[in-house]
> 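If you scroll down you'll find the structure; I have some questions about it.
Each ligand, and each atom within it, is numbered from 1 in the order the structure gives.
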Amino acid sequence: MSSAKLVFEGREIDLPVIRGTEGEIGIDVSKLRKETGLITLDDGYGNTGSCQSAITFIDGEKGILRYRGYPIEQIAERAQFTEVCYLLINGHRPTNEQLSKYRNDLTHHTLLHEDMKKFFEGYPPSAHPMAIMAAMVASLSTFYQDTPEEADLNIVRILAKSKTLAAFAYKKSIGQPIVYPRNDLSWQANFLRMMFAVPSEDYERSPVLEDALNLLLILHADHEQNCSTSTMRMVGSSEANLYASISAAICALWGPRHGGANQKVIEMLQQILERGGDLQSFLDRVKSREVRLMGFGHRVYKNFDPRAKLLKGAADRIFNELGIHDPLLDLAKQLEEAALRDSFFVERKLYPNVDFYSGIIYRAMGIPTEMFTVMFALGRLPGWIAHWKEMREDASGYRIHRPRQVYVGENAREFEPR
Ligand code: ACO
């Protein structure tokens with residue numbers, strides 16, 4: 001094993017070097033403080049590897065994303081979301097038999113405990129569905145126990161019930177009766193029916209919408225150590241249960257710098273349109289740091305985000321198939337082109353991320369803006385679970401996640417009696 005040398009105040013310290021299977025190199029500083037009293041400081045963890053993981057590989061410079069070694073482009077074209085859940089969580093593709101059992105399990109655990117319905121009644125109609133999701137997922141831990149015997153079942157339960165929770169939250173927000181899941185439908189068809197069916201008329205399935213949803217879910221399914229996944233690992237490292245950890249990850253995802261950006265992109269595009277569609281004056285506001293260009297920029301991708309590329313292509317196809325025209329899609333494309341010609345964005349290597357086009361597709365599917373980040377959460381669920389499980393099942397054990405700090409506050413002083 002090679003090592004790196006740190007020289008500090010005349011002293012040389014050897015640090016072990018870990019090499020990943022794709023050539024990434026990490027300097028292992030885990031013993032640094034014990035041996036030297038020093039810590040590393042890395043605001044926002046931009047340069048810190050928090051774990052070794054075998055789930056997802058990203059090369060941000062080349063625009064590569066792979067789940068368990070499989071390129072995202074191939075998975076997006078050839079897989080169903082349930083298979084991707086299995087792949088991410090279990091580390092290998094299921095056999096046909098395993099897949100059909102998995103699909104069956106994910107279907108037969110979709111119902112919620114009837115008592116949970118009462119919880120929805122307590123929220124005001126204006127409640128953001130992400131708040132409802134976080135609360136309801138945490139509440140699942142009051143119905144299902146965190147025992148080793150139920151560990152796998154709890155994973156199936158949350159994968160199955162999350163879409164029911166999301167659809168019920170939506171129905172509650174618009175005052176419509178909830179629609180119960182059905183066991184003869186796929187994950188996607190079941191969710192869309194629970195979202196859009198009403199008791200007063202027949203519900204017609206749409207293969208176009210089901211395929212679009214499948215693609216969106218797959219593209220969001222994992223993205224290694226992002227903010228919400230790191231939260232999932234962080235909370236899970238305290239041995240908090242699966243539902244509590246997911247609830248925390250949902251809250252982390254909600255923020256506009258992370259998953260909440262998909263809602264903000266649409267709001268931004270609408271504002272530009274309302275102000276007459278003047279892209280240059282909007283970009284000037286971005287450059288003067290008055291606002292951020294939502295759906296642009298990424299901590300890891302310094303080239304294109306392959307998910308954004310796939311979604312941009314899919315948007316045209318889906319709009320054609322649905323026979324829809326949305327001025328926001330035209331505006332988004334013009335905005336992307338204008339930004340990519342502008343040295344501010346070029347120099348900072350800012351490209352559209354997954355959130356730039358996803359919201360436009362959700363809109364075309366009839367999903368309301370406030371539900372966009374919930375859709376992201378439904379897709380990201382298998383990734384969160386895969387990371388939680390990888391950490392908890394690590395044969396070499398895991399430590400509670402507990403970063404250090406460099407204290408810059410007051411020195412010791414007397415607390416004088418009054
Ligand atoms: N609009 C304008 N300027 C930006 C943007 C943006 N969207 N993103 C980054 N920048 C600028 C920063 O101001 C900074 O400029 P400076 O060096 O002159 O100060 C430079 O680019 C680097 O940006 P950081 O904020 O340091 O990059 P970081 O890696 O910390 O942040 C993030 C990444 C949060 C995604 C950021 O690009 C952003 O806020 N984007 C908009 C929100 C968004 O789309 N989030 C979704 C991300 S994808 C996801 O979570 C699924």
Side-chain angles (χ1 to χ4, degrees), residues 41-50 56 58 60-61 63 65 67 72 130 215-232 249-269 271-272 279-312 328 332 335-362 369 371-384 387:
L41 183 62
D42 181 18
D43 182 28
Y45 307 131
N47 215 30
T48 295
S50 60
T56 287
I58 303 175
E61 275 72 34
L65 169 61
Y67 297 162
I72 191 65
M130 279 298 271
L215 175 70
L216 284 156
L217 291 167
I218 287 176
L219 294 185
H220 286 88
D222 192 40
H223 215 233
E224 49 116 309
Q225 311 309 321
N226 55 83
C227 178
S228 56
T229 304
S230 299
T231 301
M232 181 82 187
I250 290 172
C251 292
L253 185 74
W254 192 3
R257 287 196 178 185
H258 191 13
N262 57 13
Q263 175 174 341
K264 295 290 171 200
V265 169
I266 295 297
E267 290 167 3
M268 170 187 79
L269 293 171
Q271 266 179 23
I272 297 174
L279 292 177
Q280 196 47 53
S281 74
F282 176 74
L283 289 179
D284 290 343
R285 287 175 64 216
V286 173
K287 289 192 277 183
S288 65
R289 296 170 199 280
E290 202 185 314
V291 288
R292 279 207 165 197
L293 174 49
M294 299 311 286
F296 251 69
H298 198 276
R299 173 63 61 80
V300 181
Y301 292 120
K302 300 302 169 197
N303 194 322
F304 67 90
D305 177 338
R307 304 166 301 172
K309 206 173 173 188
L310 287 165
L311 283 178
K312 187 180 176 185
L328 289 196
L335 185 55
E336 179 191 343
E337 277 171 28
L340 295 182
R341 275 197 308 265
D342 193 308
S343 59
F344 178 93
F345 299 93
V346 175
E347 279 161 18
R348 289 170 180 76
K349 299 188 170 147
L350 301 172
Y351 290 85
N353 59 50
V354 70
D355 292 320
F356 196 68
Y357 285 104
S358 62
I360 294 172
I361 303 180
Y362 289 135
T369 317
M371 282 293 287
F372 289 180
T373 317
V374 171
M375 301 306 297
F376 192 151
L378 293 178
R380 184 54 55 86
L381 202 49
W384 289 335
H387 283 272

> For ligand 1, give me the residues whose heavy-atom distance to it is below 4.0 Å, by chain and number please.
P256, R257, H258, A261, V286, R289, R292, L293, M294, G295, F296, G297, H298, R299, F344, R348, L350, N353, V354, D355, F376

> Any heavy-atom pair between the side chains of F345 and F296 that's under 4.5 Å?
yes

> List the residues meeting side-chain hydrogen bond (donor to acceptor under 3.5 Å, both in side chains) with T229, not counting sequence neighbours, and say none if there are none.
N226

> With side-chain contact (heavy atoms from CB on, under 4.5 Å) as the test, would you mind laying out the steps for H298 and V354 before giving the verdict?
CA-CA 9 Å; H298 198 276; V354 70; over 6 Å; no

> Return the set of residues passing ring pair (Phe, Tyr, Trp, His ring centres under 6.0 Å) with H387 (not counting sequence neighbours), or none when no residue passes.
none

> Under the ring pair (Phe, Tyr, Trp, His ring centres under 6.0 Å) test, which residues partner F372, sequence neighbours left out?
Y362

> With a sphere of 6.0 Å drawn around CZ of R285, does it hold more than 12 non-hydrogen atoms of other residues, nucleotides or ligands?
yes

